[in-house]
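In this chain, residues are counted from 1 in sequence order. Values reported hereafter were calculated over all heavy atoms of this structure, with side chains retained and with hydrogens, waters and symmetry mates removed.
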Amino acid sequence: MIEYLKPEGLVEIIITYANGDQETVLGRNAVVRKAKEAHVLGLVNQIGDYWDFYIDKMLCGTNGTLGGVPKVVEDTRNGLFGTTLLSKSVASLVNPQVPTQAIFTTVITFAEGNGSTINELALQMKNGDLYSMITMPGIAKTSSAQLTINWRLSFI
């Protein structure tokens, strides 16, 4: 049997409300072709003058659904379906309990993105290409909600 290294992602969105209540939304991402190409280029040391294949930003958008149904993220996708609402820096770390898993975290504060329904997220590499993306039914963002997004990428 042939086994391949396959990246898998789980996106956890913790919604914290101003009154202290919390809820969690979970979803799986699609790792796109540019991410796979970046892995191959790194393995054969064809990275150019500097390494820019690391995840640098998380993009948030509002055009990830059609008629309330999440759009399908094709392998060739390299941008959000609509305009980027927010481009956020990420804190990144290797999970100390699972050394084959990276965690990328960002926070959309109470003051950001209000009046929008966030229904698409993407991890963007420093070179501007997407690494992975998720579409979802949507989270209505108001000033009474803060979103903490923990995006886990595991290599199995």
Side-chain angles (χ1 to χ4, degrees), residues 2-15 24-66 69-139 141 146-156:
I2 298 173
E3 292 188 27
Y4 297 96
L5 179 68
K6 179 183 176 198
E8 248 184 27
L10 177 67
V11 181
E12 172 191 59
I13 304 170
I14 302 167
I15 307 168
T24 302
V25 176
L26 297 174
R28 296 233 173 255
N29 71 207
V31 176
V32 296
R33 185 173 302 167
K34 288 293 185 181
K36 298 168 190 173
E37 291 172 1
H39 283 282
V40 171
L41 291 172
L43 289 172
V44 298
N45 198 27
Q46 291 185 12
I47 57 174
D49 294 335
Y50 56 95
W51 178 260
D52 62 359
F53 296 126
Y54 62 92
I55 293 171
D56 181 47
K57 301 277 186 205
M58 190 177 302
L59 308 179
C60 307
T62 60
N63 200 26
T65 62
L66 183 60
V69 177
K71 294 178 180 176
V72 174
V73 178
E74 299 291 338
D75 180 59
T76 55
R77 186 127 209 100
N78 199 29
L80 295 179
F81 286 102
T83 306
T84 300
L85 175 67
L86 296 167
S87 176
K88 303 283 296 181
S89 294
V90 293
S92 56
L93 64 93
V94 174
N95 185 337
Q97 286 78 39
V98 184
T100 60
Q101 182 182 81
I103 304 171
F104 303 92
T105 301
T106 199
V107 176
I108 301 173
T109 67
F110 290 102
E112 296 176 302
N114 293 326
S116 300
T117 299
I118 297 171
N119 55 23
E120 58 181 335
L121 300 169
L123 291 178
Q124 184 181 50
M125 294 183 286
K126 180 68 175 176
N127 70 356
D129 289 331
L130 292 191
Y131 187 93
S132 59
M133 185 172 171
I134 183 173
T135 57
M136 58 197 160
I139 298 170
K141 181 62 180 72
Q146 174 173 286
L147 310 180
T148 302
I149 305 165
N150 296 307
W151 197 312
R152 298 171 190 273
L153 289 171
S154 301
F155 295 86
I156 56 172

Rounded to the nearest 0.5 Å, what separates atom CD1 in I108 from atom CG in L147? 4.5 Å
T62 and T117: side-chain contact (heavy atoms from CB on, under 4.5 Å), yes or no, with the steps? CA-CA 6 Å; T62 60; T117 299; 5.7 Å; no
Of T84, L121, N119, which is the lone residue that meets side chain to side chain contact (heavy atoms under 4.5 Å, CB included) with C60? L121
Gap separating the CG atom of L59 from the CG atom of L80, nearest 0.5 angstrom: 5.0 Å
Let me see the working for K71 and N63 under side-chain contact (heavy atoms from CB on, under 4.5 Å), right down to the final yes or no. CA-CA 9 Å; K71 294 178 180 176; N63 200 26; 3.7 Å; yes
CG of L10 to OG of S154: how many Å apart, nearest 0.5 Å? 8.0 Å
Do the non-hydrogen side-chain atoms of Y131 and V31 ever get within less than 4.5 Å of each other? yes
Of all heavy-atom pairs between K57 and S87, which one has the smallest distance, and what is that distance? CD-OG, 3.6 Å
What distance do I134 atom CD1 and E120 atom CD have between them, rounded to the nearest 0.5 Å? 11.0 Å
Close side-chain approach of I55 and S92, heavy atoms under 4.5 Å: no
Straight-line distance of I13 CD1 to W151 CH2, nearest 0.5 Å: 8.5 Å
Over all heavy atoms of both residues, which pair between S89 and T106 is shortest? Give the atoms and the distance, please. O-OG1, 2.9 Å
What's the spacing between I14 CD1 and T24 OG1 if we round to 0.5 Å? 5.0 Å
For a quick test of reading the model, state the closest non-hydrogen atom pair linking M125 to L130 and the distance between them. CE-O, 3.7 Å
Option passing side chain to side chain contact (heavy atoms under 4.5 Å, CB included) with E112 (candidates L86, L85, V107): L86
